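Here is how names work: the chains are called A, B, and so on, in the same order as the sequence lines, proteins then strands, and each is numbered from 1. For clarity, every value in this text was computed on a predicted model and none was experimentally measured.
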Protein chains: 2
Amino acid sequence: VLLTQMGWGDLGAFGEPSKETPNLDQMASEGVLFLDFYAANPLCSPSRAALLTGRLPVRNGFYTTNAHARNAYTPQDIVGGIPDSELLLPELLKKAGYTNKIIGKWHLGHRPQFHPLKHGFDEWFGSPNCHFGPFDNRALPNIPLYRDWEMIGRYYEDFKIDLKTGEANLTQIYLQEALDFISKQQASQQPFFLYWAIDATHAPVYASKQFLGTSQRGLYGDAVREIDDSIGKILKHLQKLGISENTFVFFTSDNGAALISAPQQGGSNGPFLCGKQTTFEGGMREPAIAWWPGHIPAGGVSHQLGSVMDLFTTSLSLAGLQPPSDRQIDGIDLLPAVLQGKLIDRPIFYYRGNEMMAVRVGLYKAHYWTWSNSWEEYSKGIDFCPGQNVSRVTTHVQEEHTTLPLLFHLGRDPGEKYPLSFASDEYQRVMERISVVVQQHKATMVPGEPQLNVCDKAVM
Amino acid sequence: VLLTQMGWGDLGAFGEPSKETPNLDQMASEGVLFLDFYAANPLCSPSRAALLTGRLPVRNGFYTTNAHARNAYTPQDIVGGIPDSELLLPELLKKAGYTNKIIGKWHLGHRPQFHPLKHGFDEWFGSPNCHFGPFDNRALPNIPLYRDWEMIGRYYEDFKIDLKTGEANLTQIYLQEALDFISKQQASQQPFFLYWAIDATHAPVYASKQFLGTSQRGLYGDAVREIDDSIGKILKHLQKLGISENTFVFFTSDNGAALISAPQQGGSNGPFLCGKQTTFEGGMREPAIAWWPGHIPAGGVSHQLGSVMDLFTTSLSLAGLQPPSDRQIDGIDLLPAVLQGKLIDRPIFYYRGNEMMAVRVGLYKAHYWTWSNSWEEYSKGIDFCPGQNVSRVTTHVQEEHTTLPLLFHLGRDPGEKYPLSFASDEYQRVMERISVVVQQHKATMVPGEPQLNVCDKAVM
């Protein structure tokens with residue numbers, strides 16, 4: 001289950017003050033809650049490419065070199081997409097007999113060669129991009145929805161979203177698709193990989209009629225309630241079919257809450273700094289839950305540093321497969337952390353586009369570059385850190401700290417407000433350790449061909 | 001159990017990212033978690049006076065008129081304290097045969113006439129003030145500790161606090177006092193009221209040796225871990241003695257986390273704005289748990305707007321007593337909320353000293369005055385809102401909004417970042433309702449004689 005721009009602080013189990021996610025909270029109480037789990041990028045499209053390849057966007061090509069530290073994704077006019085040379089999780093799972101289905105937002109390129117069924121998925125119900133719109137279908141087409149190879153309609157035209165009321169029954173459609181697929185696989189005794197990647201929490205936020213107005217949190221909260229309810233139904237369905245003990249379920253999100261859309265259309269990053277688009281914790285720290293009754297000890301909590309890229313390696317491990325050995329894989333197998341509570345030492349890298357902005361090692365996070373957004377954007381009211389302002393950190397120019405990184409202790413200071421003194425013993429000791437990690441990372445980094453450099457309206 | 005300046009976001013159950021409070025989290029899972037519970041004041045001394053009298057500080061005299069909206073408390077040189085005319089919870093409980101003990105920080109005045117044993121408590125182990133220090137005992141005395149009527153020593157002299165390491169075994173001493181008192185009462189079959197008001201989370205923060213360095217959060221986290229462990233031991237003690245089903249336990253704090261002391265000596269207010277000293281949510285929203293096995297349905301969550309003042313009325317209710325009818329009582333009986341999940345409509349008033357700064361009605365909060373602190377203080381590095389900055393809200397001058405209050409929806413916007421448009425229907429509709437509540441409150445307000453106006457070094 002991959003949500004889009006749901007923030008760390010959006011679940012009751014993670015301290016959302018309205019506590020309106022009883023099903024996800026119960027999922028956590030029956031499984032393991034990951035408190036230190038990360039998106040691979042502060043933007044959804046590269047984060048999803050990383051999840052499905054187990055590789056950082058800078059390796060798999062989901063980035064741009066058009067400008068320094070520029071975030072990029074796949075709108076309708078982007079030429080690129082996931083390269084054929086990348087091995088996607090479903091391609092590999094196929095070898096172990098899995099049937100793979102994606103429900104929801106693909107976001108790895110919309111041109112024919114990037115179609116999910118060309119990259120290992122057997123079934124698709126959903127759309128190549130976000131449900132932005134409505135468009136006029138001349139300058140810009142409305143985003144299409146597919147069932148497998150076939151385009152079956154477009155958002156706003158055939159699949160209604162009422163922007164005034166926020167009503168759309170899409171989550172219910174996506175839920176039914178999931179339940180049907182699971183039933184079919186159970187009936188045929190076939191192993192399956194379901195990538196339920198719905199988008200109700202992405203602006204324009206929507207919910208079905210029966211959920212509208214039910215949340216204390218406004219429309220965004222209504223969407224969260226419907227998703228929470230849907231996930232509860234999926235888990236109960238697995239239990240009813242008697243396959244919950246054979247089904248590993250993981251819940252997380254592709255980037256932090258979009259505070260630019262708050263308060264009506266964006267979520268919460270809890271105590272963390274800023275949100276989507278930034279490499280502060282609010283941009284990349286995600287809610288995450290692993291659930292597998294009979295295998296995972298109930299009510300556990302893990303401080304394993306995790307990443308959406310780990311879902312690639314972990315899923316292969318569950319299927320008895322090894323990750324490809326001919327390329328660098330960034331994801332690790334989380335099963336020792338999930339099943340035995342082990343802690344594996346590994347860094348987390350925070351990229352914006354072509355730049356490694358920060359790295360986390362243990363409880364420490366070093367910023368090599370800091371930036372929120374440009375003065376130009378900010379002066380237009382685009383604010384990635386509303387109500388937050390940390391001197392030298394949430395800057396509107398790109399600040400380089402590569403010779404003397406800003407160092408934070410995320411245990412004492414989860415909000416990244418108090419950089420350690422450069423003169424302290426702690427700074428010296430920790431930066432020695434982190435420098436080795438960064439040097440190794442940079443020395444062995446072979447960037448992929450950037451896929452998100454070229455836009456062309458003709459490809460729409 | 002009343003902690004001091006522990007923030008809403010300091011418990012795992014409330015989303016603290018290190019999740020290091022297993023005992024409190026379990027207490028919550030066995031009881032009811034209050035998500036909308038408030039201190040009576042953003043400063044500890046007035047908040048405590050309000051808890052024990054069930055009345056706002058502006059009524060019971062725990063405020064100053066020396067300056068507008070000035071917070072005040074009871075340092076060593078304050079002349080005032082709790083007036084004899086106030087009826088304290090233990091005075092009333094005595095009539096129902098209760099033995100009353102306070103363990104920890106009194107903070108209602110240190111001169112002889114304010115002694116807790118003159119105001120209804122039968123036993124005392126603790127100190128009149130915070131454990132600031134060490135002092136030189138000439139210009140300033142070190143704060144004394146009492147057993148009942150007798151002064152038994154002073155902080156830093158007889159009761160060590162090592163400011164370098166943060167080591168002090170005081171929480172263990174306070175824990176043992178609690179366990180012994182409970183055992184004694186159980187043995188004598190006497191009903192009791194124990195006010196366990198320890199102060200390890202107030203700067204200078206301390207913990208016992210076995211807890212030092214055990215938290216991801218630094219020294220503050222070590223203190224929280226020790227308190228969490230201690231509360232676990234108290235609850236287990238009640239269970240072991242077979243009186244847990246006869247003992248109502250409530251956990252909360254007297255004001256929000258002191259962000260001026262962060263990150264080493266201050267806690268977390270989670271997603272809320274600012275901290276101690278302010279009337280933003282971070283200053284007054286508190287973690288709160290009610291526990292009473294066999295009576296309270298386990299794992300409940302309540303959105304009842306609650307206040308520490310309610311503990312006065314609720315405790316009387318548990319003892320079969322009525323609150324005094326000869327004066328205004330602000331606290332309500334929470335038992336219907338705790339036992340039957342009812343929601344009682346009532347406002348929350350946010351005062352700084354002599355000024356009503358804000359009011360909450362339902363999910364809406366209207367600010368009539370906004371202020372963080374003065375430019376003079378701020379320019380010295382005293383910051384009540386580190387890393388936070390909301391235009392027109394976290395100001396360094398007192399901004400008056402009495403004719404057009406700033407209105408926030410705390411469900412959609414718990415961080416108080418997005419005031420509603422004055423022109424919106426919602427603003428008009430809600431302010432009509434709130435205005436009535438405020439008018440009623442002001443019309444019937446009879447302020448008490450201010451007790452915190454006069455300092456005199458002679459009274460030390």
Side-chain angles (χ1 to χ4, degrees), chain A residues 7-9 11-20 22 25-26 29 33 35-36 215-221 259 262-266 268-273 281 285 287 299 301-303 362-363 383 385-391 393-394 408-418 420, chain B residues 7-9 11-20 22 25-26 29 33 35-36 215-221 259 262-266 268-273 281 285 287 299 301-303 362-363 383 385-391 393-394 408-418 420:
Chain A
W8 191 93
L11 270 57
F14 287 86
E16 199 289 311
S18 304
K19 222 171 167 66
E20 295 178 334
D25 296 355
Q26 191 180 334
S29 74
L33 196 68
L35 292 158
D36 300 77
S215 165
Q216 288 192 1
R217 304 178 68 197
L219 184 55
Y220 181 87
L259 303 184
Q264 286 283 5
Q265 304 260 326
S268 165
N269 297 314
F272 297 122
L273 188 63
E281 290 298 287
R285 184 99 74 117
V301 163
S302 178
H303 284 290
L363 282 166
D383 190 352
C385 313
Q388 298 180 311
N389 179 27
V390 180
S391 173
V393 176
T394 57
F408 293 89
H409 186 286
L410 294 180
R412 302 193 297 260
D413 175 25
E416 295 168 282
K417 288 176 187 156
Y418 308 96
L420 269 70
Chain B
W8 192 92
L11 270 58
F14 286 86
E16 199 290 311
S18 303
K19 222 170 166 65
E20 295 178 334
D25 296 354
Q26 192 182 332
S29 75
L33 196 67
L35 292 157
D36 300 79
S215 165
Q216 289 190 3
R217 305 179 68 196
L219 183 56
Y220 182 87
L259 302 184
Q264 285 285 6
Q265 305 260 327
S268 164
N269 296 316
F272 297 121
L273 188 63
E281 290 297 286
R285 184 98 75 118
V301 163
S302 178
H303 284 291
L363 283 166
D383 190 352
C385 313
Q388 297 179 313
N389 180 27
V390 179
S391 173
V393 177
T394 58
F408 294 89
H409 186 286
L410 295 179
R412 301 192 299 258
D413 175 23
E416 294 167 282
K417 289 176 186 156
Y418 307 96
L420 269 71

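Of the atoms belonging to Glu416(A), not a single heavy atom falls under 4.5 Å from chain B. Heavy atoms closer than 4.5 Å to chain A are found in the side chain of Phe272(B), but not in its backbone. Of the two parts of Ala262(B), the backbone and the side chain both hold a non-hydrogen atom closer than 4.5 Å to a non-hydrogen atom of chain A. Neither the backbone nor the side chain of Glu20(B) comes within contact range of chain A; no heavy atom of the residue lies under 4.5 Å from a heavy atom of that chain. Contacts of Leu33(A) with chain B are made by side-chain atoms alone, with heavy-atom separations under 4.5 Å and no backbone atom involved. Interface residue Phe14(B): only backbone heavy atoms are found under 4.5 Å from chain A.
With chain B as partner, the option from His303(A), Lys417(A), Gln388(A) having the largest number of non-hydrogen pairs under 4.5 angstrom is His303(A). Taking chain B as the reference chain and counting heavy-atom pairs below 4.5 Å, the highest number among Pro271(A), Gly415(A), Gly221(A) is found for Pro271(A). If you tally non-hydrogen atom pairs under 4.5 Å between each of Asn389(B), Thr394(B), Leu273(B), Val390(B) and chain A, the highest count goes to Asn389(B). Taking chain A as the reference chain and counting heavy-atom pairs below 4.5 Å, the highest number among Ser215(B), Ser391(B), Pro386(B) is found for Pro386(B). When Leu35(B), Asn269(B), Asp413(B) are compared by the number of non-hydrogen pairs under 4.5 Å with chain A, Leu35(B) comes out ahead.
The distance from the CG atom of Leu410(A) to the OG atom of Ser18(B) is 9.5 Å, given to the nearest 0.5 Å.
Nearest heavy-atom pair, Arg412(A) versus Pro263(B), reported as atom, atom and distance to 0.1 Å: O-CB, 3.5 Å. A pairwise comparison of heavy atoms in Arg285(A) and Pro17(B) identifies NH1-CB, 4.5 Å as the closest pair.
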